[in-house]
Amino acid sequence: MSDLSSEEAEEEAEAYLGEYDGERNSEGERHGRGKAELPNGDTYEGEYEHSLRNGQGTYRFKNGAYYVGEYLQNKKHGHGTFYYPDGSKYEGSWVDGQRHGYGEYTYANGDTYAGEWFNDNRHGQGTYIYKDTGSMYGGGWVNGIQEGEAELIHLNHRYRGKFLNGNPVGRGKYIFDIGCEQHGEYIQSEEEDKGEEEEEEEPSLLAAPKWKATEITKLIHWMPNVEKAPSPNEASSEVFSPTKDTEEEDERIREEEDNEEGEEYPGEE
C-alpha cells in the first residue's frame with residue numbers, strides 16, 4: 001500500500017504559505033475559490049474558508065500524486081479519490097485526513113479491495129481480490145489483517161471458516177466444485193522447544209496452522225420449501241358444478257340409510 005503520510009503532513013503545514021490567486025474575505029483571508037502554488041512545489045486549486053482548504057478541491061503533489069475530493073479545515077474529509085505515484089488509487093470516504101468508512105482501493109499490482117476502512121486500515125467487512133490467481137477473500141478485517149468469519153474462494157474450490165492474523169483457524173470446511181465438502185479443523189501448533197535458556201529470552205513462535213480433515217460429505221444444496229401450485233387442469237376440476245354436487249349428496253344420503261338399517265337389524269348371532 002502506498003504511504004504518503006509524510007507528504008500529506010507537509011500538505012497541511014503548507015496551508016498558509018506560497019503564492020495565492022483567488023477570492024478573499026473582508027479580513028484578507030483566502031475565502032472562496034482560489035489557486036495556490038506552495039513553496040515545496042505542490043499546488044492546490046479549489047475552495048477555501050478562512051484561509052483553510054474547505055469544500056471541493058484538487059491537491060497535486062510534486063511527485064505526481066494528487067487528490068480530488070472534499071476538504072474540511074485543511075484535511076481530506078468526505079468523499080474523495082487519491083491517485084498515488086505508483087499507480088494505485090483509493091476512492092471512497094475520508095475522515096480527518098484518513099481513509100475511513102467505505103472505500104475501494106486498487107493496488108499497483110492489480111489487486112483490489114472494496115469494503116470498510118478505519119484510520120487508514122482495512123477494518124470491518126471487505127472483499128479482497130488477487131489479480132494473479134483470481135482468488136477472492138470476503139469477510140472480516142482487523143487493522144489491515146484478515147480476521148473473523150470469511151470465505152476464501154479459489155478457481156475450483158472455496159474455504160469457509162474463521163481467520164485470525166491472516167490465517168484460517170478452528171473449524172471450517174472446503175467446498176469443491178465436483179460436488180462434495182470436506183469438514184475439518186485448522187490446528188495451531190507451536191514450534192519445537194529450543195531449550196529453556198532460549199525459551200526464557202524469546203517467546204515461542206507459532207507455526208502455520210495445519211488442516212485436519214474429519215469427514216467428507218455430499219454438497220448440500222439449499223432449496224426453499226415451496227408447496228406445488230395446482231396445475232390448470234387440477235384447478236379447473238375443482239370448479240363448482242350444481243349437477244355434480246347434487247348427485248354426490250344423494251349418494252351420501254343412501255349410504256347413511258343403509259348403515260342405519262344394518263344397525264337396527266343386526267341379525268341372529
Chi angles and distances behind the side chain to side chain contact (heavy atoms under 4.5 Å, CB included) call for Trp94, Arg99:
CA-CA 5 Å; Trp94 298 80; Arg99 295 181 290 271; 3.9 Å; yes

[Y] side chain reached by [X] side chain, heavy atoms, under 4.5 Å:
X      : Y      : result
His154 : Thr133 : no
His50  : Asn25  : yes
Tyr67  : Lys76  : yes
Tyr71  : Tyr44  : yes
Asp111 : Ile129 : no
Pro168 : Tyr159 : yes
Asn109 : Lys131 : no
Tyr186 : Lys210 : no

Mind running side chain to side chain contact (heavy atoms under 4.5 Å, CB included) on Leu38 and Thr43 for me, showing each step along the way?
CA-CA 6 Å; Leu38 308 178; Thr43 62; over 6 Å; no

Where is the tightest heavy-atom contact between [X] and [Y], given as atom of each residue plus distance?
X      : Y      : answer
Glu70  : His79  : OE1-N, 2.6 Å
Asn63  : Pro85  : ND2-CG, 3.8 Å
Ala213 : Trp211 : CB-NE1, 3.8 Å
Ala108 : Ser88  : N-CB, 3.7 Å
Ala114 : Tyr102 : CB-OH, 3.7 Å
Glu29  : Ser51  : CB-OG, 3.3 Å

Give a yes or no on whether the ring-centroid distance for Tyr83 and Tyr66 is below 6.0 angstrom.
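Yes, the ring centres sit under 6.0 Å apart.
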
Does the ring center of Tyr128 lie less than 6.0 Å from the ring center of Tyr107?
yes

Enter the distance from [X]:[atom1] to [Y]:[atom2] here, rounded to the nearest 0.5 Å.
X      : Y      : atom1 : atom2 : value
Thr127 : Glu104 : OG1   : CD    : 10.0 Å
Ile216 : Glu181 : CD1   : CD    : 11.0 Å
Glu116 : Asn121 : CD    : CG    : 13.5 Å
Arg60  : Glu37  : CZ    : CD    : 12.5 Å
Leu219 : Asp177 : CG    : CG    : 9.0 Å

Let me see the working for Phe82 and Tyr90 under ring pair (Phe, Tyr, Trp, His ring centres under 6.0 Å), right down to the final yes or no.
CA-CA 5 Å; Phe82 203 117; Tyr90 171 82; 8.9 Å; no

May I ask whether Tyr113 and Tyr130 are part of the same hydrophobic cluster, defined by side-chain heavy atoms of I, L, V, M, F, W, Y residues being less than 4.5 angstrom apart, directly or through others?
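Same cluster.
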
Report yes or no: does [X] contribute a side-chain atom to a donor-acceptor pair with the main-chain N or O of [Y] at less than 3.5 Å?
X      : Y      : value
His123 : Asn143 : yes
Glu47  : Gln56  : yes
Asn74  : Arg53  : yes
Asn54  : Gln73  : yes

Distance only, no hydrogens: is a donor on one side chain within 3.5 Å (strictly under) of an acceptor on the other, for [X] and [Y]?
X      : Y      : value
Asn165 : Asn167 : no
Thr214 : His183 : no
His31  : Glu23  : no
Tyr59  : Asp42  : yes

Run the side chain to side chain contact (heavy atoms under 4.5 Å, CB included) test on Arg158 and Leu152 for me, step by step, so that the C-alpha distance in whole Å, both residues' side-chain angles and the decisive distance to 0.1 Å come before the verdict.
CA-CA 6 Å; Arg158 64 186 63 197; Leu152 183 59; over 6 Å; no

Set of residues satisfying ring pair (Phe, Tyr, Trp, His ring centres under 6.0 Å) with respect to Tyr137, sequence neighbours excluded:
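Trp141, Phe163.
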
Between the side chains of Lys212 and Glu185, is the shortest nitrogen-to-carboxylate-oxygen separation below 4.0 Å, so that they form an ion pair?
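Salt bridge absent between Glu185 and Lys212.
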
Do the charged groups of Lys75 and Asp96 touch, with an N to O distance under 4.0 Å?
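So Lys75 pairs with Asp96 through a salt bridge.
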
Begin with the C-alpha distance, continue with both residues' side-chain angles, and end with the deciding distance and a verdict on side chain to side chain contact (heavy atoms under 4.5 Å, CB included) for Ile175 and His157.
CA-CA 6 Å; Ile175 303 171; His157 70 281; over 6 Å; no

Are Lys89 and Tyr84 in a cation-pi contact, defined as NZ or CZ under 6.0 Å from the six-membered ring centre and within 45° of the axis?
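So Lys89 doesn't make the cation-pi contact.
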
Count the heavy atoms of every other residue, nucleotide or ligand shown that sit under 6.0 Å from CD of Glu19, and state whether that count exceeds 12.
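Open.
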
